[in-house]
Amino acid sequence: MPELPEVEAVRRLLVPPMQGARFDRVLLRRANLRRPFCWDFVDRLTGATVTRVRRRAKHLLLDLSTGDTLLMHLGMTGDFRVEHMGLAPGEDHPRDPHDHVVFEMSSRWMVTFNDPRRFGAMDLLTADERAAHPTLAELGPEPLSRAFTAAALATACAGRRTSIKVALLDQQLVAGLGNIYAAEALHMARLSPRRLASTLATRAGGPRETTERLTAAIKTVLSKAIAEQTRSGAYRTNRFLVYDREGEPCAAEGCRGTITRIVQGGRSTFYCRACQR
DNA sequence: CCGCTGTCCTGCCAGC
DNA sequence: TGCTGGCAGGACAGCG
């Protein structure tokens with residue numbers, strides 16, 4: 001579930017308790033999430049100060065005073081809880097069975113990572129490892145940055161013989177979209193998810209109107225979602241226009257179509273056959 | 001190089 | 001009512 005807007009909301013949540021604060025105590029409740037924690041995870045983190053809380057695509061990066069970077073991914077069900085440290089000596093933290101990591105910060109805030117499905121990940125990287133990290137190095141442009149233009153999208157789509165929906169999930173093409181916002185952006189752009197990615201590429205000259213429309217839709221959908229996250233904080237049940245709305249009438253203005261569900265690349269795509277061409 | 005499939009993990013829910 | 005099976009999702013390995 002967490003895609004770029006949700007991860008950005010988490011980043012903003014973590015800035016006050018963590019940025020500029022030191023790890024006083026790190027508690028690991030288990031040996032692994034999606035992967036095992038590195039053997040010296042607790043020792044390397046304890047005493048380090050967080051200089052910056054950053055986000056790249058769906059990854060959270062905590063830059064540390066030691067030169068290390070704590071790279072975190074929320075997976076599907078990962079989330080952080082921020083609470084006051086109000087413990088009596090010897091008292092244990094109240095815990096949920098899925099609270100896997102607890103950070104006690106010098107800011108007197110306690111930051112707990114909870115992840116029922118354990119698709120999340122935490123890796124402690126040296127500066128060299130971070131610079132050479134294959135996943136980070138190969139990420140495409142941030143969709144909300146100036147680097148993400150219709151021309152860039154067109155170039156990235158050139159020669160791709162896969163559907164535009166599947167291509168949008170490729171983090172090397174554009175970084176941070178997931179299954180939900182890919183569907184929402186295509187709906188807003190009135191483009192069929194089944195369309196071949198290469199049809200968005202340009203042969204010569206500037207990008208075509210459809211590529212411009214999709215680029216704009218991606219930016220709008222993500223910006224709106226970020227604004228909504230920070231305003232409400234909580235998840236509203238289905239604030240999406242097409243995602244998980246199979247059989248419902250299309251919400252596009254003047255459209256009398258019905259949302260259908262198809263499977264692409266092994267996952268669900270929701271779209272309106274009537275207005276998405 | 002590229003595209004496609006399977007794997008990880010568990011909560012939830014439809015269907016028997 | 002209780003069980004089972006399938007699905008959800010992102011990253012990544014491995015295949016052809």
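Letters A, B, ... are given to chains in the order of the sequence lines, protein chains preceding strands, and every chain is numbered from 1. Quick caveat: nothing in here was measured; it's all calculated off a predicted structure.
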Between [X] and [N], does any side-chain N or O lie under 4.0 Å from OP1 or OP2?
X      : N      : result
A:H73  : C:dG10 : no
A:S268 : C:dA8  : yes
A:T135 : C:dC12 : yes
A:H59  : C:dG10 : no

**Message:** Under 3.5 Å, is there a donor on one side chain and an acceptor on the other for A:T69 and A:R130?
**Reply:** yes

Atom-pair distance ([atom1] on [X]; [atom2] on [N]), nearest Å:
X      : N      : atom1 : atom2 : answer
A:L74  : B:dC8  : CG    : P     : 22 Å
A:D115 : B:dC9  : CG    : P     : 12 Å
A:E138 : C:dG10 : CD    : P     : 19 Å
A:R34  : B:dT7  : CZ    : P     : 13 Å
A:I180 : C:dG10 : CD1   : P     : 7 Å
A:L71  : C:dG10 : CG    : P     : 17 Å
A:Q264 : B:dT5  : CD    : P     : 12 Å
A:K165 : C:dG10 : NZ    : C1'   : 12 Å

For [X], report the nucleic acid contact type (base, sugar-phosphate, nothing); a contact means any heavy atom under 4.0 Å.
X      : result
A:R261 : sugar-phosphate
A:R161 : sugar-phosphate
A:G266 : nothing
A:R118 : sugar-phosphate

Selection from [options] that lies nearest to any side-chain heavy atom of [X]:
X      : options                : result
A:R160 : C:dA11, B:dG3, B:dG11  : B:dG3
A:T162 : B:dG11, C:dA11, B:dC4  : B:dC4
A:Q171 : C:dG10, C:dA11, B:dG11 : C:dA11
A:F119 : C:dA11, B:dC4, B:dC9   : B:dC9

**Request:** Give the intermediate values and the outcome of side chain to side chain contact (heavy atoms under 4.5 Å, CB included) for residues A:F148 and A:I218.
**Result:** CA-CA 10 Å; A:F148 182 61; A:I218 290 168; 3.9 Å; yes

**Message:** Using a distance-only criterion (donor-acceptor N/O pair, under 3.5 Å, no hydrogens), is the base of C:dA8 paired with the side chain of A:R117?
**Reply:** yes

**Item:** Flag, side chain of A:R160 to backbone of A:T162, donor-acceptor distance under 3.5 Å
**Value:** no

**Prompt:** Are A:D96 and A:R81 within salt-bridge range, i.e. N to O under 4.0 Å?
**Reply:** no

**Message:** Could you check whether A:D68 pairs with A:R44 (Lys NZ or Arg NE/NH1/NH2 to Asp/Glu carboxylate O, under 4.0 Å)?
**Reply:** yes

**Asked** For the residue pair A:F103 and A:F23, does the interplanar ring angle fall in the parallel (under 30°), tilted (30 to 60°) or perpendicular (over 60°) class?
**Response** perpendicular

**Prompt:** Between A:R267 and A:G159, which has a closest nucleotide on DNA chain B that is more 5'?
**Reply:** A:G159

